[in-house]
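Please read the structure below before turning to the comments.
Remember, it's 1-based here, ligands and their atoms both numbered in the order they're listed. When a residue number appears, it is its place in the shown sequence, counting from 1. Heavy-atom basis, side chains included; hydrogens, waters and symmetry copies ignored. Quick caveat, the model's predicted, so the values are computed rather than measured.
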Amino acid sequence: MPIRPEMRALYPPDWKLRSRLVRFVRAGNRCEWCDAINRHPHPITGSIVVLTVAHLDHDPTNSTADNLAALCQRCHNRYDAPMRARGRRERAGQLTLFHKQPAMLHEHG
Ligand SMILES: [Zn+2]
């Protein structure tokens, strides 16, 4: 999955090389978790596999080999889903707080 522009500065300068080494040399162009082959139909979803590199601790500044895994989009999405759901809940909480403040001020005003 492409790196979001606001996240790019967190990645090491040689990220492309690290990503390629993990995907093509270490993982042999396959998902390291489900063995799906890059650019072939996924055995479960049938969609074309695009091998990506996941940070297992979700920290892009920690790009050592043991923190990286070459994953198909299915495995990567499943691994990141709980973190993304937490992010959505936190953003929703901030929105709710923001919208409640004017009403509370109004009640006391
Ligand atoms: Zn996979």
Side-chain angles (χ1 to χ4, degrees):
M1 101 189 31
I3 299 171
R4 284 179 290 161
E6 70 271 21
M7 300 291 285
R8 193 171 296 277
L10 301 176
Y11 286 73
D14 62 349
W15 170 249
K16 276 190 176 169
L17 177 65
R18 289 178 198 230
S19 170
R20 286 189 183 128
L21 282 173
V22 168
R23 282 178 294 158
F24 306 135
V25 178
R26 190 178 80 189
N29 213 22
R30 288 172 173 260
C31 175
E32 289 186 292
W33 288 0
C34 76
D35 224 27
I37 304 168
N38 195 24
R39 307 220 178 271
H40 285 69
H42 192 282
I44 295 170
T45 65
S47 61
I48 299 298
V49 170
V50 179
L51 213 54
T52 59
V53 176
H55 290 83
L56 298 178
D57 68 354
H58 302 293
D59 178 4
T61 65
N62 181 10
S63 292
T64 54
D66 61 346
N67 190 44
L68 301 176
L71 300 181
C72 70
Q73 56 271 57
R74 180 172 188 265
C75 290
H76 202 155
N77 284 336
R78 286 158 68 108
Y79 188 69
D80 284 352
M83 185 191 67
R84 278 201 297 268
R86 256 197 319 276
R88 274 195 299 276
R89 277 198 302 275
E90 282 164 17
R91 284 193 296 277
Q94 286 162 4
L95 262 176
T96 304
L97 186 67
F98 182 77
H99 285 301
K100 275 184 181 166
Q101 277 174 337
M104 286 164 62
L105 288 173
H106 185 73
E107 282 171 20
H108 298 288

Original post:
So does H40 have more than 12 non-hydrogen atoms from other groups sitting under 6.0 Å from NE2?
Top reply: no

Original post:
Does atom CZ of R78 have more than 12 heavy-atom neighbours, drawn from other residues, nucleotides or ligands, at distances under 6.0 Å?
Top reply: no

**OP:** Sum up the protein N, O or S atoms located under 2.8 Å from the Zn ion (ligand 1).
**Re:** 4

So does [Y] get a backbone contact from the side chain of [X], meaning a donor-acceptor N/O pair under 3.5 Å?
X: D57; Y: N67; result: no
X: N29; Y: N38; result: no
X: R23; Y: S19; result: yes

**OP:** Quick one: sort the H55 and Y11 rings into parallel, tilted or perpendicular, breaks at 30° and 60°.
**Re:** perpendicular

